[in-house]
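Scroll down for the structure; my scribbles are underneath it.
Note that the structure is predicted; figures quoted are calculated from it, not measured. Remember, it's 1-based here, ligands and their atoms both numbered in the order they're listed.
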Amino acid sequence: MVLEKIQKANDIKNLEPEELEVLAKEIRSFLIEKISCTGGHLASNLGVVELTMALHLALDFPEDKLIWDVGHQAYTHKLLTGRKAGFDDLRKYGGMSGFPKRKESDCDAFDTGHSSTSISAGLGYVAARDIQKQKYHVVSVIGDGSLTGGMAYEALNNAAHVKSNFIIVLNDNNMSISPNVGGVSNYLSGLRTATAYTELKRGVEDTLKKIPVKGEKLVSQIKKTKSGLKQFLVPGMFFEDMGITYLGPVDGHDIRKLYKVFSEAKRLNHAVLVHVLTKKGKGYLPAEENPSRFHGTPPFVIETGEAKQKSEKDSYTDVFSKVITDVGKKDEKVVTITAAMADGTGLNRFAKHFPDRFFDVGIAEEHALTFAAGLAAGGMKPVVALYSSFLQRAYDQAIHDVCLQNLPVVLAVDRAGLVGSDGETHQGLFDLSFLTTIPNMTIMSPKNRWEMADMVRYAIDFQYPIALRYPRGAAYEGFKEFRAPIEYGKSEMLYQESEIAIIFVGHMAKLAKDVREELKNRGYSCTLVNARFVKPLDKEMLVQLAANHRIYVTIEENVLSGGFGQQVLDCVERERLDVYVHSFGIPDDYVEHGNVDVLRKEVGLEKTNIVEKIITDYNIARNE
Ligand SMILES: Cc1ncc(C[n+]2csc(CCOP(=O)(O)OP(=O)(O)O)c2C)c(N)n1
Ligand SMILES: CC(=O)[C@@H](O)[C@H](O)COP(=O)(O)O
Ligand SMILES: [Mg+2]
């Protein structure tokens, strides 16, 4: 096994040329076998095996800095830097991350997870290198999907002024999670068909330079012209005109060609973009045929590609998908927007029924919100479905374009709460805090699948900005008997008793129910309230309960800082209520990857911990 010879970074350089093809095959087999057991990002990683190997042949680690955009495609990089053993615990709690992590290896130059950051980070390294007069190469690898993210253009704009070597590798597989969209994708399609750079440009230049006397001058004139001829000579004008040398397109599965073009790129003293063509899912037929299905995959049967476990229950996303499509049938004003996550957010169903009222704007969350605000201003009812952690980058648009104008935009905030395997960058733990700060914003969270459906319908009929936050995974099916009509700003009383009042947010319903049952078993009286609205807070309920309760317990899957519990505490203080508040949520830290139940236990969102703390607090409160 050639792969056995790769024990640490740079070992690949000791292989014989004929061993490289064997290594590529072995890496693919290894990734398919391991990810079939653990789950993970398979298709993207299968597509960059040769690209990663060529980068490792051309660069020296850890001296050279290699930054992976999103970072979901860095498994081969991890394999080639001595982390083969980590794949048995890939994305498991305490195991290897599915993304680059500086704390994991000095060959991981920058932590990534959210799209379109790699060129900015690379530029930062370039500036640091040059100021400190250090000598190392900086390479940012960005996918065609990530190149639809606006931040990438902010960085490209900046890269144009660089007067030292900086290599941007565009990994173009013509796929985001779904097929790539928009003008960038169209432009790249044109480039993909351009004759490969190394043959075309040099061939034409050499020919022209043979023209006696005028040849050299002619070539330099052509390079200065804007004419189509330059396009013929130098594809990639979009980049070239910005001052970034374009090299490509290059076959992203030909290690020799890749190594050659990277070696050429390393010699330039400015920014250079190497356009690499790859196939997402290469080497595993089910992934080649359906790269979207194998972008992020649960454990699967290798022979068939079938998922090993299928969830019987609907997820909150499934409920959203069905209800928004049903609403779309009845209300032609309803339009939906995704930022390259049609499948993940469940908008794919709406898209099939109403293609003219569905918009995939690419990985462009900031644009998605302001685009929605424009749609609302124009008389439509836009629903923007974004993952909580990706919504973070559209905070200003939520304020400046949606809420300041009080426009009827619905934010379907999916993956709100712990998501598990994707770790720190993807946990949706801040949305309650940052959305609560925004005047004119309303925030709801459903306790179960039926309230999810009711809240989607309520949000559509709401005439102002409103956010509905819900988690990844199966929708809770408890509390079916409680289905009071939704009343603006009002919580839902489930069990009214005295002394202790548990007030939970959204999918913490199950945990709150278990805590209450344990308290009841131990002889405590305990009220249970479904908050329903995080903003506005149901002040009336809080004031009323203070008459015969000593302690309020809040439970939310959001950071405590600025969360629901803090709002309740503020209200108790402001209204001078004689009540002790104990808030349970996410502490002031980031939560790593792992199984969600394990993570909840780690952060204290589990029954025993909460019960014990409540009893302690209650006894203190009673004796005061
Ligand atoms: C800000 C942000 N939005 C959305 C995502 C979800 N996401 C992860 S990978 C991906 C597609 C990336 O496509 P591309 O860059 O072409 O990489 P490929 O998977 O094709 O290699 C998306 C949308 C994300 N990670 N970050
Ligand atoms: C890498 C990335 O950002 C996405 O692929 C993300 O992992 C999708 O998450 P879900 O699996 O929750 O849809
Ligand atoms: Mg792609």
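Counting only heavy atoms of the protein, atom 4 (C) of ligand 2 lies nearest to His41 NE2, 3.8 Å. Looking from atom 10 (P) of ligand 2 to the surrounding protein, the closest heavy atom is Arg415 NH2, 3.6 Å. Of all protein heavy atoms, the one closest to atom 13 (O) of ligand 2 is Tyr387 OH, 2.6 Å. The protein heavy atom nearest to atom 14 (P) of ligand 1 is Gly145 N, 3.5 Å. Closest protein heavy atom to atom 3 (O) of ligand 2: His426 NE2, 2.7 Å. Among protein heavy atoms, atom 11 (O) of ligand 2 sits closest to Arg472 NH2, 2.9 Å. Among all protein heavy atoms, the one lying closest to atom 25 (N) of ligand 1 is Gly113 O, 2.9 Å. For atom 3 (N) of ligand 1, the closest heavy atom belonging to the protein is Glu365 OE2, 2.7 Å. Looking only at protein heavy atoms, the nearest one to atom 11 (C) of ligand 1 is Ser176 OG, 3.3 Å.
His426 has its ring centre less than 6.0 Å from the ring centre of Phe390.
Side-chain polar atoms of Asn174 and Asn180 form no donor-acceptor pair below 3.5 angstrom. Counting only N and O atoms by type, the side chains of Asp431 and Ser388 include a donor and acceptor under 3.5 Å apart. Asn558 and Ser433 share a side-chain donor-acceptor pair at under 3.5 Å. In summary, the side chains of Ser389 and His114 do present a donor paired with an acceptor at a separation below 3.5 Å, with no hydrogens or angles considered. For Ser140 and Ser118, the side-chain atoms include no donor-acceptor pair closer than 3.5 Å. At a cut-off of 3.5 Å, with distance as the only test, a side-chain donor of Thr437 or Tyr395 sits close to an acceptor on the other residue. Inspection of the His77 and Asp108 side chains reveals an N or O donor paired with an N or O acceptor under 3.5 Å. No side-chain N or O of Thr345 forms a donor-acceptor pair with one of Asp414 less than 3.5 Å apart.
Not a single N or O atom of Val70, backbone or side chain, sits closer than 3.5 Å to an N or O atom of ligand 1. Residue contacts with ligand 1: His72 is placed with a nitrogen or oxygen under 3.5 Å of a nitrogen or oxygen of the ligand (distance criterion only). Of the N or O atoms in Phe390, none lie within a sub-3.5 Å distance of an N or O in ligand 1. Residue Ser115 has at least one nitrogen or oxygen atom sitting less than 3.5 Å from a nitrogen or oxygen atom of ligand 1, judged on distance alone. Taking any N or O of His72, backbone or side chain, none lies under 3.5 Å from an N or O belonging to ligand 2. Ligand 1 has a nitrogen or oxygen under 3.5 angstrom from a nitrogen or oxygen of Ser146. The shortest N or O to N or O distance between Ala340 and ligand 1 is not under 3.5 Å.
Under the 3.5 Å distance criterion, the side-chain polar atoms of Asp89 are left unmatched by any main-chain donor or acceptor of Lys92. A donor-acceptor contact shorter than 3.5 Å is absent between the side chain of His72 and the backbone of His41. Using modelled atom types, one side-chain atom of Arg357 and one backbone atom of Gly328 make a donor-acceptor pair closer than 3.5 Å. The backbone N or O of Leu432 lies less than 3.5 Å from a partner atom in the side chain of Thr436, making a donor-acceptor pair.
Between Tyr259 atom OH and Leu20 atom CG the span is 11.0 Å, to the nearest 0.5 Å. Annotation: the span from Tyr75 atom OH to Thr52 atom OG1 amounts to 12.5 Å, rounded to 0.5 Å.
Contact annotation: the side chain of Ser97 never approaches that of Arg91 to less than 4.5 Å [non-hydrogen atoms, C-beta and beyond].
Taking every non-hydrogen atom of Phe390 and a distance limit under 4.0 Å, the qualifying atoms of ligand 2 come out as 3 (O). Counting the atoms of ligand 1 from 1 in the order shown, those under 4.0 Å from a heavy atom of Gly143 are 14 (P), 15 (O), 16 (O). Atoms of ligand 1 found under 4.0 Å from any heavy atom of Lys280 (numbered from 1 in listed order, with element): 18 (P), 19 (O), 20 (O). Proximity to Asp144 (heavy-atom distance under 4.0 Å) selects the following atoms of ligand 1: 16 (O). Ligand-side atoms of ligand 1 in range of Met341: 6 (C), 23 (C), range being under 4.0 angstrom from any heavy atom. Interface atoms of ligand 1 facing Ser44, defined by a heavy-atom separation under 4.0 Å, are 18 (P), 19 (O), 21 (O).
Of the candidates Asp172, Ile363, Leu46, it is Ile363 that places a heavy atom closest to atom 23 (C) of ligand 1. The nearest non-hydrogen atom to atom 7 (N) of ligand 1, considering only Leu170, Val141, Ile177, Asn173, comes from Ile177.
The shortest separation from a heavy atom of Gly47 to ligand 1 is not under 4.0 Å, leaving the residue out of contact. Residue contacts with ligand 1 do not include Gln73, since none of its heavy atoms lies under 4.0 Å from the ligand. Using a non-hydrogen distance threshold of 4.0 Å, Ser389 does not register as a contact of ligand 1. Within the structure, the closest approach of Asp422 to ligand 2 falls below 4.0 Å when heavy atoms are considered. Every heavy atom of His114 sits 4.0 Å or more from the atoms of ligand 2. Look at Arg393 and you'll find a heavy atom under 4.0 Å from some atom of ligand 1.
The nearest N, O or S atom of Asn180 is not closer to the Mg ion (ligand 3) than 2.8 Å. None of the N, O or S atoms belonging to Asn174 lies under 2.8 Å away from the Mg ion (ligand 3).
Shortest distance from the Mg ion (ligand 3) to Asp144 is reached at OD1 (N/O/S atoms only).
In this pair, Tyr284 and Phe300 present their aromatic rings tilted. The plane angle is within the 30 to 60° band.
If you look at His295 next to ligand 1, the close heavy atoms, those under 4.0 Å, all belong to the side chain.
The pair Glu50-Arg28 counts as a salt bridge, with a side-chain nitrogen and a carboxylate oxygen less than 4.0 angstrom apart. Electrostatic pairing of Arg83 and Glu104 counts as a salt bridge here, judged by a charged N lying under 4.0 Å from a carboxylate O.
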